[in-house]
Amino acid sequence: DGVIEHYVCFSCVDGELYELDGGNPQPIHHGPSSPDSLLQDAARVIKARIVEYSESLNFNVMALSMM
């Protein structure tokens with residue numbers, strides 16, 4: 001009860017950054033991106049979200065990548 005945490009995923013598809021959030025009926029478009037700038041582009045969106053919800057301490061970030 002009262003749990004508000006959930007997970008989102010950022011992905012670059014056809015040169016565009018999308019946020020996949022199970023709480024939304026469709027992907028959220030965040031503008032242009034590329035495989036080379038995906039981390040920086042997602043970080044920009046995440047930082048804005050942290051500012052928007054600055055009273056919350058419930059932010060975690062995990063990056064999965066090929067090396």
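Scanning both residues, S11 and L38, for their nearest heavy atoms gives C-CD1, 4.1 Å.
Going from atom CZ of F10 over to atom CG of L17 covers 6.5 Å, rounded to the nearest 0.5 Å.
In this structure N60 satisfies the side-chain contact (heavy atoms from CB on, under 4.5 Å) test with no other residue, sequence neighbours excluded. For L39, there are no side-chain contact (heavy atoms from CB on, under 4.5 Å) partners at least two apart in sequence or on another chain. Residues forming a side-chain hydrogen bond (donor to acceptor under 3.5 Å, both in side chains) with S34 (at least two apart in sequence, or on another chain): S37. Qualifying side-chain contact (heavy atoms from CB on, under 4.5 Å) partners for P32, counting only residues two or more places apart in sequence or in other chains: E16.
Y18 belongs to a hydrophobic cluster whose other members, connected by ILVMFWY side-chain contacts under 4.5 Å either directly or through intermediates, are V13. I28 forms part of no hydrophobic cluster, judged by ILVMFWY side-chain heavy-atom separations under 4.5 Å.
Sparse packing is recorded around OH of Y7, with 12 or fewer heavy atoms of other residues, nucleotides or ligands lying under 6.0 Å away.
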Show me, pair by pair, the donor-acceptor contacts under 3.5 angstrom made by side chains of residues 42-57, not counting sequence neighbours?
| from | atom 1 | to | atom 2 | distance (Å) |
| --- | --- | --- | --- | --- |
| R49 | NH1 | E19 | OE2 | 3.1 |
| R49 | NH2 | E19 | OE1 | 3.1 |
| S56 | OG | N58 | N | 3.1 |

